[in-house]
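Counting convention: from 1, in listed order, for ligands and their atoms alike.
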Amino acid sequence: MERSVAELVGGTDVEALTAEEVVETVLERLHPGVALACSFQKEESVLLDMLLEREPRARVFALDTHVLFPETYAVWRQLEQRYGIRIEVFEGPSLGRQAAIHGEALWERNPDLCCSIRKIGPLGAALSGLHGWITGVRRDQSSSRTATPKLGWDDRHELWKASPLADWTDDDVWAYIRERDLPVNPLHERGYASIGCTHCTTPGTGREGRWVGSGKTECGLHA
Ligand code: SF4
């Protein structure tokens, strides 16, 4: 059932708020029932910093597909060390178990099923019991994301969804990272604008490096 943002924030014009103000608004209304979905891309470096500066006990979770880049696992540990936190982990079956059930390299034969098992299922578990989640989605990342609201009702998962960086550009993100000297996934500086699993990600701008040649553009977490 669709719900109006006014139910959560009254007359506040959320679209007129800065990213920091959106984070504060969501924390005020929903903490501890809200969590940041962290994929260890540069947007999450920014959001982790914004969130934990305002609420050190804020919840953060990651979806471990078991086929993330070594650089992604490395920045994961760096972020945990910098902020003194443990990021909650949600994961699908091990590589061996998935192979036993569906055969080897499912991502080549049926990437939608692979994403469903490794991402969508674990996301459902992560969101269970929450009242809202925070994501690093930005409108200029792809044509499917241009209408992303800063805060809205997520009808599919039935909770509030905030995207505080919705109107940020790449330059905005990098400026914040440099100003705060944040740990950042080094793959970005090697040409990967968007970073997912090793088998499905190549360098490219926007999201063009994801599932190249397959026609698939989203894993299903956000669209
Ligand atoms: S991005 Fe690729 S490897 Fe990762 S879950 Fe989706 S299909 Fe599987």
Side-chain angles (χ1 to χ4, degrees), residues 35-45 47-48 60-80 87-128 130 133-146 148 154 156-157 161 163 165 170 173 184-223:
L36 169 66
C38 185
S39 62
F40 306 102
Q41 301 184 71
K42 62 186 186 298
E43 288 78 8
E44 281 79 36
S45 291
L47 287 170
L48 254 175
V60 182
F61 71 83
L63 307 178
D64 187 355
T65 63
H66 303 298
V67 281
L68 301 177
F69 286 91
E71 291 86 348
T72 299
Y73 288 112
V75 79
W76 183 334
R77 300 301 161 224
Q78 283 174 32
L79 288 164
E80 286 187 327
I87 293 172
E88 298 171 45
V89 185
F90 293 85
E91 54 198 338
S94 67
L95 282 178
R97 178 150 177 74
Q98 181 177 301
I101 298 170
H102 299 287
E104 298 289 341
L106 183 62
W107 44 82
E108 289 175 5
R109 292 175 291 107
N110 192 338
D112 285 341
L113 178 59
C114 188
C115 279
S116 174
I117 293 168
R118 299 192 166 284
K119 292 186 172 184
I120 311 302
L123 177 69
L127 299 183
S128 174
L130 291 177
W133 61 313
I134 303 170
T135 82
V137 172
R138 293 190 293 115
R139 292 171 189 151
D140 69 359
Q141 288 170 325
S142 71
S143 58
S144 61
R145 298 185 172 194
T146 54
T148 302
D154 179 345
R156 185 153 41 128
H157 300 105
K161 181 176 181 179
S163 301
L165 307 184
D170 251 19
V173 174
V184 66
N185 196 319
L187 292 173
H188 286 306
E189 290 183 336
R190 289 185 225 152
Y192 293 76
S194 179
I195 302 165
C197 299
T198 51
H199 302 291
C200 306
T201 311
T202 56
T205 60
R207 290 178 59 81
E208 70 180 20
R210 306 291 293 274
W211 304 284
V212 172
S214 73
K216 180 176 168 72
T217 58
E218 294 280 352
C219 53
L221 298 180
H222 302 297

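- Near Pro111, with a cut-off below 4.0 Å to any heavy atom, the atoms of ligand 1 are 7 (S).
- Interatomic distance, Leu165 CG to Arg139 CZ, rounded to the nearest 0.5 Å: 11.0 Å.
- Among the atoms of Cys114, no N, O or S atom is found under 2.8 Å from atom 2 (Fe) of ligand 1.
- If you number the atoms of ligand 1 from 1 as listed, the ones under 4.0 Å from a heavy atom of Cys197 come out as 1 (S), 3 (S), 4 (Fe).
- Note: His199 and Trp107 have parallel aromatic rings, judged against thresholds of 30 and 60 degrees for the angle between ring planes.
- Applying the 4.0 Å criterion to heavy atoms of Cys200 picks out, from ligand 1, the atoms 1 (S), 2 (Fe), 3 (S), 7 (S).
- When non-hydrogen atoms are compared, ligand 1 lies under 4.0 Å from the side chain of Arg118 (C-beta onward) but not from its backbone.
- Between Phe69 and Tyr192, the angle of the ring planes goes over 60°, which puts this pair in the perpendicular group of the 30/60° scheme.
- Trp76 and Phe40 have parallel rings, their planes meeting at less than 30° on a 0 to 90° scale where 60° marks the start of perpendicular.
- Close contacts between ligand 1 and Cys115 involve ligand atoms 1 (S), 5 (S), 6 (Fe), 7 (S) [criterion: under 4.0 Å to a heavy atom].
- A donor and an acceptor atom, one from each side chain of Ser194 and Arg210, are located under 3.5 Å apart.
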